[in-house]
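In this text the structure is predicted, and so the values were computed from the model without any measurement. We count ligands from 1, going down the list as the structure has it; atoms in each ligand are counted the same way.
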Amino acid sequence: MTKALIIGGGIAGAVTAMALQKAGVEAEVFEAYESGADDVGAFLVVFANGLEALRAIGAHGPVLANSFPAERVEFLSGTGKRLGERPLAGTVDETAMGPRTLTRATLYRVLHEEARRRGIPVRHGKRLVAAETVSDRRVVASFSDGSRAEGDLMIGADGIHSVVRKLIDPAAPRPRYTGQNTVCGYTRDIKPPSAPDTYTMIYGRRAFFGCTAAPDGEVWWFANAPGPERSRRDLAAVTADQWRQRLLALLADDHTPAAAVVRATGEHIIASHAYDLAVTPQWYSDTMVIIGDAAHAAAPNAAQGASMAIEDSIVLAKCLRDQHEPRRAFAAYEELRRARVERVVAHSARMTRRSAPGPIRRLVRDVMLPRSVGRGGDGADDWLTGYRVEW
Ligand SMILES: Cc1cc2nc3c(=O)[nH]c(=O)nc-3n(C[C@H](O)[C@H](O)[C@H](O)COP(=O)(O)OP(=O)(O)OC[C@H]3O[C@@H](n4cnc5c(N)ncnc54)[C@H](O)[C@@H]3O)c2cc1C
């Protein structure tokens with residue numbers, strides 16, 4: 001039986017392992033951290049395209065059971081003016097599962113639990129540092145603890161700062177910092193500004209803000225705050241209070257609920273850098289391939305990174321099921337995925353620019369947005385969330 005080494009036990013890693021099992025390929029997952037990745041404190045939305053891809057391998061149940069619905073989105077300008085409201089999922093067919101909100105940590109946990117339940121080995125504390133293709137077309141992975149593992153192929157599901165990407169192509173482009181910190185917070189000490197199942201998105205003058213309410217009334221919020229790229233250690237050193245003060249300064253000129261939500265939040269504030277990765281010219285070699293954020297990464301604005309990683313996982317496993325020669329399977333996977341994922345990255349980059357405009361663009365946006373919000377319900381986003389992978 002073909003054996004795949006999967007580097008990275010995030011979303012793509014766990015889903016690929018389950019999909020490969022269904023395809024008859026043995027898989028072992030190697031994750032750098034003892035549990036999950038860093039910046040897993042953020043929350044995310046998984047849309048119908050991601051959920052339906054999980055359904056292809058029967059793994060959607062645990063995600064549905066540990067998340068809550070995200071049905072609508074309403075938009076406010078920084079003046080507090082209501083710009084419109086639309087269904088979050090566009091006009092996707094009624095049989096599809098609606099978008100769901102959950103923390104990244106929960107998504108990691110339920111996917112890992114499901115993979116383990118299916119008997120897939122997940123090794124923690126295994127940070128890939130090098131790999132080589134040995135003469136008989138097998139690949140040997142070396143980890144920072146000195147251990148090694150050997151397989152017929154290696155799948156880099158190791159996220160935006162992928163080591164496997166560099167092993168495939170040392171000249172691969174680096175992720176681009178979007179100039180934004182994504183700050184997330186959770187508070188029970190304020191009445192939710194949004195109706196249940198609804199996201200309130202606020203185009204503030206100096207920061208974009210979004211929030212929703214969990215079923216127990218806790219407010220989950222995020223803000224895109226312009227700021228410099230820091231080292232990982234410097235970012236971690238910024239305290240919750242410092243983030244609170246920074247955001248309150250950015251939100252000071254707005255007349256929206258955002259500042260009150262931030263003020264009501266205690267220690268539960270987490271921040272990360274927002275990156276994107278538009279085009280990675282080389283996705284594979286004879287024995288290695290990259291998927292998910294390792295291959296392409298959209299800025300968080302389109303909220304599609306997890307769903308794209310899930311779609312990639314199912315498609316790659318299907319290609320390895322149908323084509324036993326790895327390089328051919330990798331080529332078929334790239335053929336099926338590249339145009340779509342690059343379109344999503346570009347779409348998200350446009351959303352990032354729209355969320356942080358100058359004064360003139362802000363004026364145009366506030367006039368134009370109510371019209372485009374109206375169009376959101378007529379299928380404008382169907383190419384994104386109405387897409388279905390085939391197994
Ligand atoms: C603040 C924020 C909000 C977001 N919101 C959304 C959203 O609403 N909807 C959405 O769909 N997406 C969202 N995303 C994006 C989404 O989280 C990512 O696109 C998704 O996690 C990508 O999955 P992945 O498996 O490719 O990578 P990751 O989830 O990053 O997993 C990579 C894994 O590889 C491990 N790893 C890294 N290097 C090594 C190594 N050398 N050896 C072994 N293991 C390694 C990491 O520890 C990690 O566990 C958001 C991201 C952020 C930061």
message: Do the side chains of R82 and E74 get close enough for a salt bridge, i.e. N-O under 4.0 angstrom?
response: yes
- prompt: Quick one: does I291 get an N or O within less than 3.5 Å of an N or O on ligand 1?
  reply: no
- prompt: Would one find an N or O of E31, backbone or side chain, under 3.5 Å from an N or O of ligand 1?
  reply: yes
Contact (N/O only, under 3.5 Å) between A12 and ligand 1: yes
- prompt: Which atoms of ligand 1 sit under 4.0 Å from any heavy atom of K126?
  reply: 42 (N), 43 (C)
- request: Tell me, yes or no, whether the heavy-atom count around E325 atom CD, taken from other residues, nucleotides or ligands under 6.0 Å, exceeds 12.
  value: yes
query: Looking only at non-hydrogen atoms, which of I270, D293, L44 approaches atom 13 (C) of ligand 1 most closely?
result: L44
query: Is it the side chain (CB and beyond), the backbone, both or neither of R127 that lies under 4.0 Å from ligand 1, heavy atoms counted?
result: both
- line: Per-atom filter on ligand 1: closer than 4.0 angstrom to a heavy atom of S272 are 1 (C), 53 (C)
statement: Closest to atom 15 (C) of ligand 1 (heavy atoms only, candidates A157, G305, A70) is G305
field: Residue F30 vicinity, atoms of ligand 1 by number, heavy atom under 4.0 Å
entry: 43 (C), 44 (N)
field: Salt bridge present between D152 and R137 (N-O < 4.0 angstrom)
entry: no
task: Could you tell me which atoms of ligand 1, counted from 1 in the order shown, lie closer than 4.0 angstrom to a heavy atom of S307?
output: 11 (O)
- prompt: Does G13, backbone or side chain, put an N or O under 3.5 Å from an N or O of ligand 1?
  reply: no
message: Would you say T133 and T287 are linked by a side-chain donor-acceptor pair, where the criterion is simply a distance under 3.5 Å?
response: yes
task: Would you check if there is a donor-acceptor pair between the side chains of Y199 and T101 at a distance under 3.5 Å?
output: yes
message: Counting the benzene-type ring for Trp, do F209 and F222 have ring centres under 6.0 Å apart?
response: no
- prompt: At a 4.0 Å threshold, what atoms of ligand 1 neighbour a non-hydrogen atom of T182?
  reply: 1 (C)
message: If the cut-off is 4.0 Å to any non-hydrogen atom of V45, which atoms of ligand 1 fall inside it?
response: 7 (C), 8 (O), 9 (N), 10 (C), 11 (O)
query: If you measure from each non-hydrogen atom of I11 to ligand 1, which part falls under 4.0 Å: side chain, backbone, both or neither?
result: both
query: In Å and rounded to the nearest 0.5 Å, what is the CG to CG distance from L167 to D158?
result: 8.5 Å
- prompt: Any salt bridge between E114 and R118, counting N to O under 4.0 Å?
  reply: yes
message: Is Y108 close enough to touch ligand 1? Criterion: a residue heavy atom under 4.0 Å from a ligand atom.
response: yes
field: Distance filter under 4.0 Å to G159 heavy atoms, resulting ligand 1 atoms
entry: 27 (O), 30 (O), 32 (C)
- request: Assess whether side chain to side chain contact (heavy atoms under 4.5 Å, CB included) is satisfied between N49 and L384, documenting all intermediate values.
  value: CA-CA 7 Å; N49 51 312; L384 195 54; 5.6 Å; no
statement: Rounded to the nearest 0.5 angstrom, the CG-CZ distance for D216 and R188 is 4.5 Å
message: Can you tell me which portion of A42 lies within the under-4.0 Å heavy-atom range of ligand 1? Options are side chain, backbone, both, or neither.
response: side chain
message: Both conditions, 6.0 Å and 45 degrees, for the charged tip of R127 above the ring of Y33: are they met here?
response: yes
field: N or O contact, R104 vs ligand 1, cut-off under 3.5 Å
entry: yes
query: Counting both backbone and side chain atoms, is some N or O of A306 under 3.5 Å from an N or O of ligand 1?
result: yes
- prompt: Do any heavy atoms of I7 fall under 4.0 Å from ligand 1?
  reply: yes
- prompt: Going by distance only, is there an N or O of L128 that falls short of 3.5 Å from an N or O of ligand 1?
  reply: yes
- prompt: Backbone or side chain, does any N or O of P300 fall under 3.5 Å from an N or O of ligand 1?
  reply: no
field: Close side-chain approach of Q304 to H347, heavy-atom, < 4.5 Å
entry: no
message: Looking only at the aromatic ring of each residue, does the gap between the centers of F330 and W283 stay below 6.0 angstrom?
response: no
Modelled atom types, side-chain donor and acceptor of D145 and S147, under 3.5 Å: yes
field: Enumerated ligand 1 atoms positioned under 4.0 Å from heavy atoms of G292
entry: 26 (O)
